[in-house]
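Remarks on the structure that follows.
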Amino acid sequence: MVEWEVIRFSFFNLETLQEIWPMLWRGWLMTVQLCVAVVPLGFFAGTILATIYSLRIKSVNAALIVYVDFFRSVPPLVLLIYVTYGIPLLLGADIDAFVAVLFAFTLNSSSYFGEIVRAGIESIPKGQMEAARSTGLTTLQAMRYVILPQALKNVAPDLTSNTIELIKATSIASVVALPELLRMGRVAQGLVYNATPLIAVAVIYLIMLWPMVRLLSRLERRMMSSR
Amino acid sequence: MARVEPVVEALAIHKSFGDLEVLKGVNLTVAPQELVFIIGPSGSGKSTLLRCCNLLEEPSSGVVKITGEDITAAGVDINQVRQRIGMVFQSFNLYPHMSALGNVSLALRKVKKQPRAQAEAKAQEALERVGLAHKADAYPTELSGGQQQRVAIARAIAMEPDVMLFDEPTSALDPELVGSVLEVMRELRKSGMTMVVVSHEMRFARDAADRVLFMDAGMVVEEGPPDEVFGAPKHERTKAFLASVNGH
Amino acid sequence: MDVFLDEFFNAEVMLKYLPEIIDGFWVTLWLAFLVVVSGLTFGLGLALLRAYQNPVVNAAIILFVDLFRALPPLVIIIVGFFGLPFVGIRLSGFLISWLSLTCVLAAFTEEIYWAGITSVNKGQWEAARSTGLGFGGTLFFVVIPQAIRMTIPPLTNRTIAITKNTALASVVAVPEMLTVAQTSLAYAANTSPLTLAAAGYLLIFFPLTMLSRWIETRFAWKR
Ligand SMILES: Nc1ncnc2c1ncn2[C@@H]1O[C@H](COP(=O)(O)OP(=O)(O)O)[C@@H](O)[C@H]1O
Ligand SMILES: [Mg+2]
């Protein structure tokens with residue numbers, strides 16, 4: 001059948017690939033930058049939220065729950081567009097697309113990370129905090145040195161999973177024209193008029209994330225059997 | 001005679017959890033180098049009393065003084081005070097992600113701000129005192145219950161506290177492991193440590209305690225030297241409790 | 001403050017575009033509903049298939065699951081919508097979005113169902129059988145209730161997270177809520193239509209998120 005030749009030409013066109021490779025490379029670098037910034041930001045913000053939550057101040061916790069559930073309910077793309085369109089109009093000045101994207105993703109991912117870390121903290125027996133406090137450690141020191149190390153280990157699979165989700169989610173920054181991997185793939189596709197750039201983008205994501213997905217499966221299974 | 005300043009002085013301690021009044025005006029005074037032993041049925045408020053002494057529980061009313069300092073007063077830095085009050089828990093509460101040495105040295109480093117090397121030397125010394133110098137690198141899961149509890153004791157004594165509180169330190173242990181922990185506690189007593197011990201180890205109380213308190217329903221019902229309380233209890237409730245314990 | 005209100009909560013603009021946003025709302029809801037139904041069913045089907053332990057089939061399932069867990073949903077949708085026409089396959093944006101999200105949801109939920117099935121240990125089977133329960137009785141009264149208890153919380157969480165991705169359909173011109181809001185936003189030069197859309201998503205997903213939080217505490221194992 002001719003089909004195979006068409007597929008090869010449209011999807012796995014090596015000449016095209018060679019031509020557009022520099023663009024994809026630049027896009028990939030941007031994606032990496034985005035991830036390197038947004039994963040730690042979301043994680044730290046989430047950990048701070050969870051730590052505040054663990055202080056059990058009723059009104060504060062109610063507010064935290066609303067914050068978390070709010071940002072877990074709005075699709076990240078909606079949030080992203082809202083931020084990138086809204087903030088410049090509000091400030092009367094353009095802001096860097098990268099900064100806008102970081103801001104939107106931090107709001108979103110801190111909620112997810114916050115929930116995960118909270119569950120981790122709640123999995124640690126009360127006696128750990130008490131023992132630490134009884135030796136004179138402050139609440140925050142006890143958190144930092146005693147509770148969080150154990151809590152984060154307990155939720156390592158969920159943290160990994162959320163990191164994967166976050167890396168995947170950075171692809172939506174293409175919609176607001178941030179020149180990350182998917183964006184550059186689409187631009188390239190417009191230039192060469194075949195689908196090879198898109199397939200290449202998919203393959204690059206697979207190379208980045210497949211090992212993490214496998215690792216996650218292993219982690220999940222290990223946690224399961226250690227229960 | 002000049003009055004010796006007590007190490008612990010808990011006066012008229014009341015504690016309620018919601019509607020439940022757990023402590024109904026308890027007094028506890030512990031002189032330097034004294035070992036006070038607290039017995040009483042489950043739920044009588046023994047743990048709560050101990051936890052009020054280092055403010056793990058905030059008393060609803062009453063005053064707690066440690067070496068004369070009112071720690072229930074406003075503005076007291078409770079973390080400074082807690083360094084001087086060691087506590088040993090029924091369930092050990094060792095940090096599972098740290099080695100024995102890490103468990104013992106953490107507060108030295110973070111509360112006393114000692115450099116790591118100094119803190120670890122000090123921790124090693126404490127482990128030696130509980131006979132576990134050779135287990136410094138072991139993690140809690142690699143230790144028996146008795147060894148874990150001795151590490152927990154080392155964690156407390158490394159801070160050089162003025163007083164040690166023990167909340168049923170041997171209740172979670174297999175019978176054959178109880179002896180090693182009691183042995184460490186005896187040594188500690190010999191070295192002049194002031195101690196408050198909640199426990200059901202009556203033999204240990206007879207041997208080592210200066211004074212025994214019997215608590216029931218949030219009150220101290222009877223107190224005196226071990227021979228008196230065990231040998232000739234005055235109150236019906238004390239008698240009944242001792243009978244039930246000895247019956248075992 | 002006035003600027004803020006005017007820009008994000010402009011009543012006039014909102015009122016003007018409300019009818020269109022509502023049309024979009026129904027498209028979003030319909031797409032979300034289809035994704036949930038087909039994704040959960042497909043995922044369950046895969047998990048049951050996996051229970052047969054055919055090595056070839058299982059390898060294929062694991063490949064499928066890994067693929068759709070590793071690829072960003074937007075990449076899948078874009079490859080489907082902008083890539084497939086090059087080999088002569090032209091599907092509507094709605095269909096592509098539905099199929100893509102169905103596969104993603106199925107991949108994630110297959111793992112969850114499978115974990116549920118394998119988590120109930122043999123001791124439970126033996127204990128139940130020893131009391132005289134038959135195979136079916138054991139399955140329905142002992143194993144499945146425990147498996148459900150384990151799977152419901154991650155299942156709801158995951159389903160919500162993936163279903164929110166219906167907003168991605170805006171990229172392939174499906175007239176769902178976000179698309180409509182963006183068009184309106186362009187016409188009105190004002191962010192208020194987007195506020196409406198955000199409110200629409202909250203209307204759908206906020207109760208679900210709270211429900212999943214409730215389920216999580218409700219179904220948590222007592223330790
Ligand atoms: N944090 C708490 N909240 C509510 N009730 C408590 C709490 N801690 C202890 N109690 C109650 O206080 C009473 C005394 O407990 P406790 O001091 O642990 O007794 P004991 O150590 O003598 O067994 C018990 O009825 C117990 O249920
Ligand atoms: Mg107790």
Side-chain angles (χ1 to χ4, degrees), chain A residues 3 6-7 9-11 65 68-70 72-79 81-82 85-86 89-90 92 112 115 119 122-123 125 161 164-165 167-172 174-175 181-182 185-186 189 193-196 198-199 201-202 205-206 208-214 216-217 220-221 224 227, chain C residues 3-4 7-8 62 65-67 69-76 78-79 82-88 111 115 118-119 154 157 160-161 163-168 170-171 177-178 181-182 185 189-191 194-195 197-198 200-210 212-213 216 220-221 223:
Chain A
E3 287 289 351
V6 174
I7 289 176
F9 179 83
S10 309
F11 284 176
I65 287 181
V68 164
D69 283 0
F70 181 90
R72 290 198 305 169
S73 302
V74 178
L77 182 56
V78 176
L79 191 62
I81 294 176
Y82 208 89
Y85 282 76
L89 287 169
L90 194 64
Y112 282 96
E115 273 300 287
E122 283 171 4
S123 73
S161 163
I164 295 174
E165 290 310 302
I167 292 174
K168 284 158 61 179
T170 60
S171 64
I172 66 175
S174 63
V175 177
L181 182 57
L182 179 58
R186 293 197 59 193
Q189 184 225 348
Y193 205 69
N194 76 53
T196 303
L198 296 182
I199 299 297
V201 166
Y205 273 111
L206 279 182
M208 278 200 293
L209 294 174
W210 200 331
M212 285 184 75
V213 168
R214 282 280 95 223
L216 177 60
S217 283
E220 279 169 344
R221 216 166 312 137
M224 213 50 134
R227 287 251 160 91
Chain C
V3 185
F4 178 77
E7 189 52 56
F8 294 97
I62 291 170
V65 167
D66 277 12
L67 202 67
R69 280 178 74 171
L71 281 175
L74 184 56
V75 171
I76 301 169
I78 283 181
V79 167
F82 297 101
L84 288 184
F86 285 100
V87 293
E111 286 281 289
T118 50
S119 70
N157 274 337
I160 293 169
T163 311
K164 271 187 339 194
N165 284 328
T166 51
L168 299 180
S170 63
V171 177
M177 203 159 35
L178 180 58
Q182 279 183 283
L185 181 150
N190 184 291
T191 321
L194 206 53
T195 305
Y201 284 105
L202 280 177
L203 197 63
I204 303 176
F205 290 109
F206 197 72
L208 291 175
T209 304
M210 290 202 309
S212 81
R213 183 184 286 284
E216 234 162 49
W221 289 106
R223 297 191 191 190

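Computed from a predicted structure; not experimentally measured. Chain identifiers are assigned alphabetically (A, B, ...) following the order of the sequence lines, protein sequences preceding nucleic acid strands; residue numbering begins at 1 within each chain.
Residues C/Met210 and A/Ser73 have side chains not in contact (no heavy-atom distance under 4.5 Å, counting atoms from C-beta outward). The shortest distance between side-chain heavy atoms of A/Phe11 and C/Leu84 falls below 4.5 Å. For the pair A/Val78/C/Met177, no side-chain contact is recorded, criterion being any heavy-atom separation below 4.5 Å from C-beta on.
Separating the OG atom in A/Ser171 from the CG atom in C/Leu168 is a distance of 7.5 Å, to the nearest 0.5 Å. Separation of atoms CG (C/Leu202) and CZ (A/Phe70) is listed at 5.0 Å; rounding is to 0.5 Å. Atom CG in A/Leu77 sits 6.5 Å away from atom CD in C/Gln182 (nearest 0.5 Å). In this structure, the separation between CZ on C/Arg69 and CE on A/Met212 is 11.0 Å, given to the nearest 0.5 Å. Rounded to the nearest 0.5 angstrom, A/Trp210 CH2 and C/Leu67 CG are separated by 6.0 Å.
At a 4.5 Å heavy-atom cutoff, A/Thr170 makes no contact with chain C through either its backbone or its side chain. Using a 4.5 Å cut-off between heavy atoms, C/Leu178 contacts chain A through its side chain alone, with no backbone atom that close. Heavy atoms closer than 4.5 Å to chain A are found nowhere in C/Thr163, neither backbone nor side chain. Neither the backbone nor the side chain of C/Leu208 comes within less than 4.5 Å of any heavy atom of chain A. Both the backbone and the side chain of C/Ala167 come within less than 4.5 Å of a heavy atom in chain A.
Annotation: maximal heavy-atom pairing with chain C below 4.5 Å, among A/Pro211, A/Ser217, A/Gly86, A/Ala119, occurs at A/Gly86. Options C/Phe205, C/Tyr201, C/Phe86 differ in how many heavy-atom pairs under 4.5 Å they form with chain A, and the most are formed by C/Phe86. Between chain A and the residues C/Pro72, C/Gly83, C/Ala161, the most heavy-atom pairs under 4.5 angstrom are made by C/Pro72. Across A/Ile199, A/Ile81, A/Leu216, the residue that shares the most heavy-atom pairs under 4.5 angstrom with chain C is A/Ile81.
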- [ ] Apply the test side chain to side chain contact (heavy atoms under 4.5 Å, CB included) to residues A/Arg72 and C/Asn157: give CA-CA distance (whole Å), side-chain angles for both, the deciding distance (0.1 Å), then the verdict.
- [x] CA-CA 10 Å; A/Arg72 290 198 305 169; C/Asn157 274 337; 4.3 Å; yes
TODO: List the steps and the verdict of side chain to side chain contact (heavy atoms under 4.5 Å, CB included) for A/Arg186 and C/Val171.
DONE: CA-CA 12 Å; A/Arg186 293 197 59 193; C/Val171 177; 3.8 Å; yes
Open item on the list: For C/Phe206 and A/Val74: C-alpha separation, side-chain torsions, deciding distance, then whether side chain to side chain contact (heavy atoms under 4.5 Å, CB included) applies.
Closed with: CA-CA 8 Å; C/Phe206 197 72; A/Val74 178; over 6 Å; no
TODO: Could you walk me through whether C/Leu74 and A/Val175 pass side chain to side chain contact (heavy atoms under 4.5 Å, CB included), step by step?
DONE: CA-CA 10 Å; C/Leu74 184 56; A/Val175 177; 4.0 Å; yes
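Paired with C/Val75 under the rule side-chain contact (heavy atoms from CB on, under 4.5 Å), one option of A/Leu206, A/Leu198, A/Leu182 passes, and it is A/Leu182.
In A/Tyr85, the OH atom is not crowded: 12 or fewer heavy atoms of neighbouring residues, nucleotides or ligands sit closer than 6.0 Å.
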